[in-house]
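Heads up, the thing below is written out as structure tokens.
All ligand and atom numbering here is 1-based and tracks the order in the structure. Throughout, residue positions are numbered sequentially from 1 according to the sequence presented.
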Amino acid sequence: MAAEATIRLAAFIGVLAAMVLAERTWARGLVRPLGWRRWPANLALPVIGSVVLRLVAPAGAVGVAVWAEARGLGLLPALGAPFWLALPVAVLVLDLSIYWQHRVFHFVPALWRLHRMHHADPELDATTGLRFHPVEILLSLGIKVAVVVALGAPPVAVLAFEVLLNATSLFNHADIRIPARMERWLRRLVVTPDMHRTHHSEVQAETDSCFGFCLPWWDHLFGSYRAAPAAGLNGAVIGVPGWRTAREQRLDRLLLQPLAGTPPAGFPQKGT
Ligand SMILES: [Zn+2]
């Protein structure tokens, strides 16, 4: 378990550093007035989330997978699936469950209030990929644990998936410009920053599309894919109206934001 935490932390710091470097090298060139002023809260949130997780469920999803494996629980062991098959199947099913979890968090008003805090970042960079409310992180763990036990996912698959999800979240929120040809290819394999940018548009029909975090296939399969925002990638307004000021990016404001009513202007009235 100690190795698990080290692997996750090393992967997280490595990918975050790579993304910050990539953002400096291949920036989109958009004006981002708040920039680093969003960072203290965006970086504090995953720390708080990790502490809460370790307090509530010290073993985490990987620990639960170890527990289930020792008892032979779940569908994959019941079917006698060999490890080479169980590994990719478990990663795929976990990614599919995160896709549906994300859709549910958009459409159930109380859950949208929690997830809305992530969308209320008025600018996108790698740190947005870390900005999730601790309660959302806890609920997400509960869903993940249920899938892990039902499936009998191998612990290595759960660890690989958690590292992958964390890395792709940092990548698909990063403020980087990818050449059009590379984008066309990359988008077939992984959710790219351009694809995920549509999801962060303030236009509701656009935010309610492109729910994938890691694999882009589920959006195609379940009809939620949108190639680009109507206003164009660089023209799309990011965030949630009413929560765009520097003051609203403070940690205390973000933690309490789910309790706040609807934002003053138009957009997401789902959370009422
Ligand atoms: Zn979302």
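Ring geometry for Phe213 against His118 counts as tilted: the plane angle lies between 30° and 60°, on a 0 to 90° scale. Using the six-membered ring where Trp is involved, His102 and His119 have ring planes that are tilted, between 30° and 60° apart.
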- Begin with the C-alpha distance, continue with both residues' side-chain angles, and end with the deciding distance and a verdict on salt bridge (Lys or Arg N to Asp or Glu O under 4.0 Å) for Asp194 and Arg28. CA-CA 10 Å; Asp194 278 5; Arg28 283 179 194 275; 2.8 Å; yes
- Message: For Arg226 and Asp219: C-alpha separation, side-chain torsions, deciding distance, then whether salt bridge (Lys or Arg N to Asp or Glu O under 4.0 Å) applies.
- Response: CA-CA 8 Å; Arg226 232 171 231 265; Asp219 280 301; over 6 Å; no
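Protein N/O/S atoms closer to the Zn ion (ligand 1) than 2.8 Å number 5 in this structure.
Salt-bridge annotation for Arg244 and Glu202: present, with a side-chain N of the basic residue lying under 4.0 Å from a carboxylate O of the acidic one.
Taken from CG in Leu76 to CD in Glu69, the straight-line distance is 11.0 Å, to the nearest 0.5 Å.
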